Amino acid sequence: MNKIMDANIYVKQFVFLLSIFVSYHLIVWTFFTAQIFEPKTGTGVGDLGRMSYQIDLLHNRQTKYTLTKKHLHSRNFKNQHIDIITIGDSFSNGGGGGDNPFYQDHLATNLDKNVLNIAPSHSKTSLQTIVGLYNSGYLAKLKPEAIIVESVQRIIPHRYNKEIDFSIKIDKPTISVKPTETYMQPINIINTANYKIPYYYVKYRYKTNAQKNVHRFRLNKKLFSVKNGKNILLLNDDIKNLNQFTQAGVEKVNANFNRVATLLKTIDIKLYFLPAIDKYDLYYNYIIQDKYPKNLFFELIRPLHKEYYFIDTKEILSALLDAGVEDIYFIDDTHWSQKASSAISKSQVFKD
């Protein structure tokens, strides 16, 4: 009899603990975790939001295309006349989502041009890819007016201060595929993220990079439309790579762009360089912190002699920030919004 009673007690204790376990996951999932992994509206949230679990800084959004003219990609390029070729990284491939995420669509609409987005050749930089296409005669055959090289700021030195091989040939570019709207794979209600939500909630109160890849800072004014818009999420690489931006390194980057621009002039093609300013650099003057220095890339490259056209995204977007415009970047993402794309596409540089 005592053994039966002991067994019943253990069963009741197990059921009680199991109910607490399940209830915890159900409550945390329903009110918190689901906002990251199963948002009620839109296609998802930003990469920084997902990594840091900062649900109070999520900017849920849908990806929509409403501009009158779109850029060309592999599914709609039929060898028609091309005015502008763009080549770059995730900023050139609609990273961040939201309304009209491609800056190329804004260019196509504002300038009434046919814009084709291509991808760097395998293991090659954008500049090396351009040289290869030049040597094969492809660019002379396609005859665009201009080529725009876009690159996220944080890895510009790593990408472009190396020697360029001017002997390679690339017969045909890889035409970029326009990404479709994708949804995150569903996860079980019982999952480890339910533990990370409260863990990072507490840890970020004491450490700016509680999650090693993402910093959370306070701002001295509200610059994002979410409720806690006086905060900002930043990728740690924006800060970790600051020591790469030296005078010598930036001069080497500039020299490489000059060499490729001079090459393209022989077939009447203009070269544009569009560095996508790091979120840390753009918002630096509004961040409340005294630990990390400025990124000096734009200040170092501005005075250098250029054979190419330089799109100063820091100057363009800082003017919007100074005017109090919110959501130039998404608070929960490493990418900018259509407000940035629109402003950049209207730059006087493109009209010269």
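Fair warning: this is a prediction, and the values are worked out from it, not measured in the lab. Numbering of residues begins at 1 and proceeds along the displayed sequence.
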Side chains of [X] and [Y]: does their closest heavy-atom pair fall under 4.5 Å?
X      : Y      : value
Ile197 : Ile36  : yes
Arg159 : Val152 : yes
Ser151 : Pro275 : no
Leu133 : Ile85  : no
Leu263 : Phe166 : yes
Ile87  : Ser92  : no
Tyr195 : Val28  : no
Tyr272 : Ile147 : no

Between [X] and [Y], is the ring centroid distance below 6.0 Å?
X      : Y      : value
Tyr280 : Tyr284 : yes
Phe224 : Phe330 : no
His25  : Phe21  : yes
Phe257 : Tyr160 : yes

Decide, yes or no, whether a salt bridge links [X] with [Y] under the criterion of side-chain N to carboxylate O below 4.0 Å.
X      : Y      : answer
Arg302 : Asp312 : yes
Glu145 : Lys113 : yes
Glu326 : Lys222 : yes
Glu163 : Lys252 : yes
Asp281 : Lys314 : yes
Asp237 : Lys240 : yes

- Which class fits the ring pair Phe102 and His71: parallel under 30°, tilted 30 to 60°, perpendicular over 60°?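 Judged by the thresholds at 30° and 60°, the geometry between Phe102 and His71 is tilted.
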- Please state whether the rings of Tyr308 and Phe310 are parallel, tilted or perpendicular, taking 30° and 60° as the class boundaries.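 Rings of Tyr308 and Phe310: perpendicular, over 60°.
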Determine, using the 4.5 Å side-chain heavy-atom cutoff (strictly less than), whether [X] and [Y] are members of one ILVMFWY cluster.
X      : Y      : value
Tyr309 : Phe297 : yes
Leu18  : Ile190 : yes
Ile232 : Tyr201 : no
Leu296 : Phe273 : yes
Leu242 : Ile155 : yes

Above 12 or not: heavy atoms from other molecules or residues under 6.0 Å from [atom1] of [X]?
X      : atom1 : value
Lys162 : NZ    : yes
Phe31  : CZ    : no
Phe77  : CZ    : yes
Lys291 : NZ    : no

State whether the side chain of [X] and the backbone N or O of [Y] hold a donor-acceptor pair below 3.5 Å, judged by distance alone.
X      : Y      : answer
Lys70  : Leu67  : yes
Thr109 : His106 : no
Gln80  : Asn76  : yes
Asn191 : Ile189 : yes
Asn254 : His305 : yes
Tyr329 : Tyr283 : no
Ser347 : Ile344 : no
Ser121 : Lys124 : no
Ser19  : Phe16  : yes

[X] versus [Y], closest heavy-atom pair with distance:
X      : Y      : answer
Thr86  : Gln104 : OG1-NE2, 3.2 Å
Asn110 : Ser345 : ND2-OG, 2.6 Å
Lys69  : Ala108 : CD-O, 3.5 Å
Ser176 : Ile118 : OG-C, 3.2 Å
Leu233 : Ile331 : CB-O, 3.4 Å
Ile239 : Tyr292 : CG2-CD2, 3.4 Å

- Check the pair Asp171, Ser136 against side chain to side chain donor-acceptor pair (under 3.5 Å), reporting the backbone distance first and the verdict last. CA-CA 5 Å; Asp171 293 330; Ser136 70; 4.7 Å; no
Quiz question: by atom type and distance under 3.5 Å, do the side chains of [X] and [Y] form a donor-acceptor pair?
X      : Y      : answer
Asp322 : Tyr286 : yes
Gln211 : Ser52  : no
Asn114 : Asp83  : no
Ser337 : Asp327 : no
Thr66  : Asn100 : yes

Spacing of [X] atom [atom1] and [Y] atom [atom2] [to the nearest 0.5 Å]:
X      : Y      : atom1 : atom2 : value
Asp165 : Gln128 : CG    : CD    : 5.0 Å
Thr313 : Glu150 : OG1   : CD    : 9.5 Å
His215 : Asp238 : NE2   : CG    : 9.0 Å
Phe91  : Leu274 : CZ    : CG    : 10.0 Å
Asn117 : Ile82  : CG    : CD1   : 11.0 Å
His158 : Thr125 : NE2   : OG1   : 10.5 Å

- Task: Start with the C-alpha distance between Asn228 and Asp56, add both sets of side-chain angles, then the distance that settles side chain to side chain donor-acceptor pair (under 3.5 Å), and finish with yes or no.
- Result: CA-CA 7 Å; Asn228 288 336; Asp56 61 323; 2.8 Å; yes
- Do you know which of Lys279, Arg216, Arg61 makes salt bridge (charged side-chain N to carboxylate O under 4.0 Å, His left out) with Asp332?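 One option only clears the test, and that one is Arg61.
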- Would Asp89 and Arg154 count as a salt bridge (charged side-chain N to carboxylate O under 4.0 Å, His left out) if you check the C-alpha gap in whole Å, the side-chain angles of each, and the deciding distance to 0.1 Å? CA-CA 12 Å; Asp89 48 42; Arg154 72 181 71 91; over 6 Å; no
